[in-house]
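Inspection log for the structure reproduced underneath, given as structure tokens.
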There are 2 protein chains.
Amino acid sequence: MTRDVFQGLADPTRREILNMIAHKSLNVNSVASNFDVSRTAIYKHLKILSECGLVVLQQQGRERYCEARPEKLNEVTDWVEQYRQIWTKRFDALDEYLKKIQEPKKTNLKPKKHGRKK
Amino acid sequence: MTRDVFQGLADPTRREILNMIAHKSLNVNSVASNFDVSRTAIYKHLKILSECGLVVLQQQGRERYCEARPEKLNEVTDWVEQYRQIWTKRFDALDEYLKKIQEPKKTNLKPKKHGRKK
DNA sequence: TAGATAAGAAACCTTTTGGTTTCATAATGT
DNA sequence: ACATTATGAAACCAAAAGGTTTCTTATCTA
């Protein structure tokens with residue numbers, strides 16, 4: 001199963017898990033011991049995190065190490081950036097509009113001012 | 001009620017709503033008309049978005065305009081940044097360690113190299 | 001080899017989510 | 001004044017989320 005990275009980050013426990021293993025990979029029990037919910041509950045969170053690619057579980061003997069995959073967070077920052085672009089375009093447009101209406105009347109040397117982007 | 005911004009972003013419909021109104025504030029009906037779920041469903045999403053501060057609803061006559069509040073997204077990018085810092089420290093530490101062990105042998109000014117754990 | 005340990009799976013429960021339909025209310029336009 | 005329109009609220013529902021306890025299955029280790 002694959003899952004949305006935004007959904008993966010939605011739960012605060014999962015974000016805490018990410019912080020925890022960012023520093024150093026830990027096995028499932030070690031992660032769980034830092035929380036006061038059951039190991040099984042934490043295991044489920046880990047499963048979700050791995051389903052959205054934020055974590056990968058590496059088997060090592062009878063243990064399984066939880067390794068952070070922070071590259072996946074780019075999807076988040078990308079979305080935010082893309083969002084900000086839409087947002088700022090809005091003001092660019094307003095800006096342009098304001099310039100246009102405030103433009104002093106000139107001698108008609110040039111018929112039009114145009115093509116000023118960004 | 002107040003709500004987690006990460007939770008606000010968890011639902012794809014809500015992210016789409018944000019994109020939609022980033023460009024231009026819209027009233028509730030206009031937002032809803034872009035989706036194939038009911039107006040009431042969209043209204044609920046808008047309520048959630050406003051509960052986590054990503055949107056503010058401005059009354060204007062009998063309509064209510066949905067205005068984006070992108071500043072709130074800083075909480076998200078801040079978290080990601082803080083996360084990356086923890087993450088990169090990990091490699092800084094490894095780096096330092098590698099430098100240390102590759103350090104050429106020197107005259108024995110100091111009797112022992114110690115304290116290297118792990 | 002037997003007992004302990006680490007983790008995955010299953011069954012179950014409660015609360016939250018995301019949706020619906022229906023009803024109420026407050027501005028607007030005719 | 002009256003019908004229309006924009007929105008909010010309520011009651012309800014199915015599915016998902018987050019949790020539990022119990023049971024299996026590997027893998028160590030004494």
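Each chain gets a letter, A, B and so on, in the order its sequence line appears, and its residues count up from 1.
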For a quick test of reading the model: is some side-chain N or O of [X] closer than 4.0 Å to OP1 or OP2 of [N]?
X        : N       : value
Asn29(B) : dA6(D)  : yes
Arg39(B) : dG19(C) : no
Tyr43(B) : dA9(D)  : yes

Rounded to whole Å, how long is the line connecting atom [atom1] of [X] with atom [atom2] of [N]?
X        : N       : atom1 : atom2 : value
Glu51(B) : dT17(C) : CD    : C1'   : 13 Å
Met1(B)  : dA9(D)  : CE    : P     : 15 Å
Asp36(B) : dG18(C) : CG    : C1'   : 13 Å
Leu9(B)  : dG18(C) : CG    : C1'   : 17 Å
Gln7(B)  : dA16(D) : CD    : P     : 17 Å
Leu46(A) : dA17(D) : CG    : C1'   : 16 Å
Leu26(A) : dA6(C)  : CG    : C1'   : 14 Å
His45(B) : dT17(C) : NE2   : C1'   : 9 Å

For this session: Flag yes if more than 12 heavy atoms outside Asp36(A) fall under 6.0 Å of its CG atom; otherwise flag no.
Result: no
Problem set entry | For the student: nearest non-hydrogen atoms of Gln7(B) and Ala10(A), plus distance | CA-CB, 4.3 Å
Exercise. Shortest non-hydrogen contact from Lys72(A) to Gly53(A)?
Worked result: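 Scanning both residues, the minimum pair turns out to be CG-O, 3.0 Å.
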For this session: Find the distance between OG1 (Thr77(A)) and CG (Leu73(B)) and round it off to the nearest 0.5 Å.
Result: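 Rounded to the nearest 0.5 Å, the OG1-CG separation comes to 12.0 Å.
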Exercise. When you check the gap from the basic side-chain N to the acidic O, do Lys44(B) and Asp11(B) get nearer than 4.0 Å?
Worked result: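 Salt bridge between Lys44(B) and Asp11(B), a charged N being under 4.0 Å from a carboxylate O: no.
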Exercise. Of Ser38(A) and Arg3(A), whose closest DNA chain D nucleotide lies nearer the 5' terminus?
Worked result: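 The 5'-side residue here is Arg3(A).
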Problem set entry | Residue whose closest nucleotide on DNA chain D lies nearer the 5' end, Val37(A) versus Lys47(B) | Lys47(B)
Exercise. Any chance the side chains of Asn27(A) and Gln60(A) put a donor and an acceptor closer than 3.5 Å?
Worked result: no
Exercise. Hey, would you say the Tyr83(A) and Trp87(A) ring centroids sit under 6.0 Å apart?
Worked result: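 No; Trp87(A) has its ring centre 6.0 Å or more from that of Tyr83(A).
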Exercise. Any sub-3.5 Å donor-acceptor pair from Thr88(B)'s side-chain atoms to Arg84(B)'s backbone N or O?
Worked result: yes
Problem set entry | Flag, side chain of Arg14(A) to backbone of Gly8(A), donor-acceptor distance under 3.5 Å | yes
Give every pair of a protein N or O atom and an N or O atom of nucleotides 12-15 of chain D that lie under 3.5 Å apart, one pair per line with the distance.
none

For this session: Find out whether Cys66(A) and Leu57(A) are in side-chain contact, i.e. whether some heavy atom of one side chain is under 4.5 Å from a heavy atom of the other.
Result: yes
Problem set entry | Closest to the Ile48(A) side chain, choosing from dT7(D), dG18(D), dG8(C) | dG18(D)
Exercise. Does any residue of residues 53-70 of chain B have a heavy atom under 4.0 Å from DNA chain D, and if so, which ones, in number order?
Worked result: Arg62(B), Glu63(B), Arg64(B)
Exercise. Is there a donor on the side chain of Arg14(A) or the base of dG18(D) sitting less than 3.5 Å from an acceptor on the other?
Worked result: no
